[in-house]
Number of protein chains: 2
Amino acid sequence: MSTYRSGAGDPARTLQLLWRRLDDGPRRGPRPGRSLDDIVSAAIELADAEGLDAVTMRRVAQAVGVAPMTLYGYLPGKAELLDLMVDALYARLPRPDRAGQPWRTRVAAVARDNRDLFAAHPWAAEVATGRPPLGPGLMAKYEYELRAFDDTGLDDVTRDAALTFLLDFVRAAARSAAEARATRRETAQSEEQWWAANGPLLATVLDEEAYPTAVRVGAAAGAAHNAAVDPDHAYEFGLDRVLDGLAALIDPVAARRSTAADPG
Amino acid sequence: MSTYRSGAGDPARTLQLLWRRLDDGPRRGPRPGRSLDDIVSAAIELADAEGLDAVTMRRVAQAVGVAPMTLYGYLPGKAELLDLMVDALYARLPRPDRAGQPWRTRVAAVARDNRDLFAAHPWAAEVATGRPPLGPGLMAKYEYELRAFDDTGLDDVTRDAALTFLLDFVRAAARSAAEARATRRETAQSEEQWWAANGPLLATVLDEEAYPTAVRVGAAAGAAHNAAVDPDHAYEFGLDRVLDGLAALIDPVAARRSTAADPG
DNA sequence: CCGTACATTGTACAACGTACGCCGTACGGT
DNA sequence: ACCGTACGGCGTACGTTGTACAATGTACGG
């Protein structure tokens with residue numbers, strides 16, 4: 001359990017690392033035995049396999065085949081490692097040419113790409129980026145995703161806001177999904193087991209007079225999803241709302257479809 | 001630097017604690033010197049004053065005037081304490097009667113109440129609740145907030161999804177704001193200082209040929225907000241999109257206003 | 001009035017990030 | 001060719017976290 005904060009160290013040094021602007025002046029003494037990418041790749045593999053909690057400096061060092069403190073010759077600290085991991089992930093995202101497709105299809109595809117990213121690397125959604133890691137990966141991602149709003153008539157400021165809105169939604173959904181999975185794993189209880197264990201107590205305590213709407217709606221939603229929270233359904237529903245909300249801005253006349261976005 | 005996870009312990013025990021169903025059989029031996037509420041209140045005060053990082057079992061115990069391990073006589077562990085803190089917060093939320101107002105006003109008011117909650121207690125947005133703490137506070141909140149969708153014509157399952165969508169949005173916005181504040185505090189750098197320190201390097205690295213759209217849009221957005229990220233603006237913009245997105249579902253005919261919701 | 005149930009707590013442990021300082025290597029200058 | 005030194009590597013250690021365990025002391029039921 002750790003709040004995976006990023007970017008705490010010297011920001012200028014972080015930028016140099018992200019863009020690999022290591023000032024290699026006159027070399028003296030032994031050459032570095034590993035590369036920055038070795039470390040970042042090992043950390044990503046570790047996070048993919050065992051989650052962000054497993055990404056400790058000791059574990060990463062072990063994976064790289066080096067003593068823990070050796071890592072500090074390559075990076076200032078763990079915060080920078082997290083930044084580098086996230087930027088490396090962003091750099092790998094697919095960027096197919098979607099010119100010619102309608103904006104809603106393109107924007108939905110951006111959402112899906114991000115969702116896939118978080119599905120493959122759930123830890124990425126947990127890294128807090130108060131100031132985002134302005135590395136080559138994020139820049140390429142930003143450049144590409146902004147193009148999804150080409151021909152929407154949005155001015156630049158609004159275009160940025162629209163993209164932020166979309167990405168924040170996908171990220172929040174990914175966090176919810178990750179939290180739900182983590183809870184299920186930690187308590188080693190499925191949703192059914194939980195209700196079997198707690199239903200009786202809840203029944204005595206949730207009288208319908210005190211919470212009539214909550215009991216009725218909660219029961220209906222629970223029955224529909226077979227769970228108290230259903231991240232997948234929340235994502236599908238939310239994405240449609242997000243796209244409709246953007247459509248109200250982009251196509252103010254015909255903003256009336258609540259169907260799911262077409263595939264791309 | 002901690003992933004504030006909640007609800008890890010025995011779920012049944014957690015429920016008993018939330019609803020204060022402590023089985024007080026025949027008393028023997030010394031009476032407890034404090035109450036559960038003493039501990040929860042002290043923890044909330046601590047979190048309000050110094051953030052969630054400051055809420056350690058030792059600090060809470062100190063605030064209550066007791067040895068650290070004494071807390072474990074009242075709660076199974078820290079996860080349950082976090083659950084209790086969140087539920088206590090929810091119980092305190094205002095719940096004015098908003099019958100008669102249009103749905104968009106009521107829903108906007110729900111968003112504002114939640115935003116105010118996270119403004120007063122930023123740590124609440126950081127507590128991960130894979131399975132939400134089904135205590136009296138959350139139930140009262142759920143009951144009240146569902147009523148904001150009365151007369152919208154939404155069925156129960158959709159009503160739950162709509163509320164979840166709205167609350168997830170507000171929470172994500174609060175997290176972004178908290179992260180931005182934390183970053184600014186930790187690096188002790190304002191946005192202007194950051195750009196002064198990193199602008200030169202960024203300029204050499206962000207050539208407009210590689211990222212034409214990104215550079216242009218980023219510059220426009222940065223100039224408009226005086227910052228790379230502007231949580232307040234993201235919230236205002238996002239809330240309008242959220243309401244428009246819900247409107248497309250609720251008022252499919254006249255879904256065309258992108259003005260901010262009226263006050264309530 | 002005493003035995004016991006229970007609240008309280010001191011100590012301890014395994015993790016974490018990382019500061020500090022020593023070791024040995026291999027290059028630049030001569 | 002050689003040596004001084006800059007620099008990569010790392011062993012050890014510190015302060016922090018949540019909490020397990022066993023000892024201590026208190027106040028009630030019989």
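Note that the structure is a prediction, hence the values are computed from the model and not measured.
- A straight line from NZ of Lys78(B) to P of dT19(D) spans 8 Å, rounded to a whole angstrom.
- Rounded to whole Å, the distance from OH on Tyr72(A) to C1' on dC10(D) is 13 Å.
- Leu75(A) places its CG atom 15 Å from the C1' atom of dG9(D), with the value rounded to the nearest Å.
- Under the salt bridge (Lys or Arg N to Asp or Glu O under 4.0 Å) criterion, Asp232(A) pairs with Arg115(A), sequence neighbours left out.
- Judged as a side-chain contact (heavy atoms from CB on, under 4.5 Å), and not counting sequence neighbours, the contacts of Pro122(A) are Arg181(A).
- Interface residues of residues 32-43 of chain B facing DNA chain C, ordered by number: Pro32(B), Gly33(B); criterion, heavy-atom separation under 4.0 Å.
- In terms of the salt bridge (Lys or Arg N to Asp or Glu O under 4.0 Å) criterion, residue partners of Glu50(B) (sequence neighbours excluded) are, by chain and number, Arg59(B).
- OP1 or OP2 of dA7(C) has not a single side-chain nitrogen or oxygen of Thr70(B) nearer than 4.0 Å.
- The salt bridge (Lys or Arg N to Asp or Glu O under 4.0 Å) test applied to Glu179(B) returns Arg171(A), Arg175(A), not counting sequence neighbours.
- When the side chain to side chain donor-acceptor pair (under 3.5 Å) test is applied to Ser35(B), the partners found at least two apart in sequence or on another chain are Asp38(B).
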| query | Between Leu117(B) and Tyr90(B), does a side chain to side chain contact (heavy atoms under 4.5 Å, CB included) hold up when you go through it step by step? | reply | CA-CA 9 Å; Leu117(B) 174 75; Tyr90(B) 288 165; 3.9 Å; yes

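- Scanning residues 55-67 of chain A for heavy-atom distances under 4.0 Å to DNA chain D yields Val66(A), Ala67(A).
- Pairs engaging residues 194-204 of chain B under the salt bridge (charged side-chain N to carboxylate O under 4.0 Å, His left out) rule: none recorded [sequence neighbours left out].
- One can place CG of Leu81(B) at 14 Å from C1' of dT19(D), the figure rounded to the nearest angstrom.
- Counting heavy atoms from C-beta outward, Gln16(B) and Leu201(A) have side chains that approach closer than 4.5 Å.
- The side chain to side chain donor-acceptor pair (under 3.5 Å) search around Arg20(A) returns Asp37(A), not counting sequence neighbours.
- The side chain to side chain donor-acceptor pair (under 3.5 Å) test applied to Tyr142(B) returns Asp160(B), not counting sequence neighbours.
- The distance between atom CD of Glu80(A) and atom C1' of dT18(C), rounded to the nearest whole Å, is 12 Å.
- Applying the side-chain contact (heavy atoms from CB on, under 4.5 Å) rule to Arg92(B) yields the partners Ile44(B), Leu89(B), His121(B); only residues at least two apart in sequence or on another chain are considered.
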| Base versus backbone protein contacts along nucleotides 20-27 of chain C [heavy-atom cut-off under 4.0 Å; B, S, -] | B---BBSB

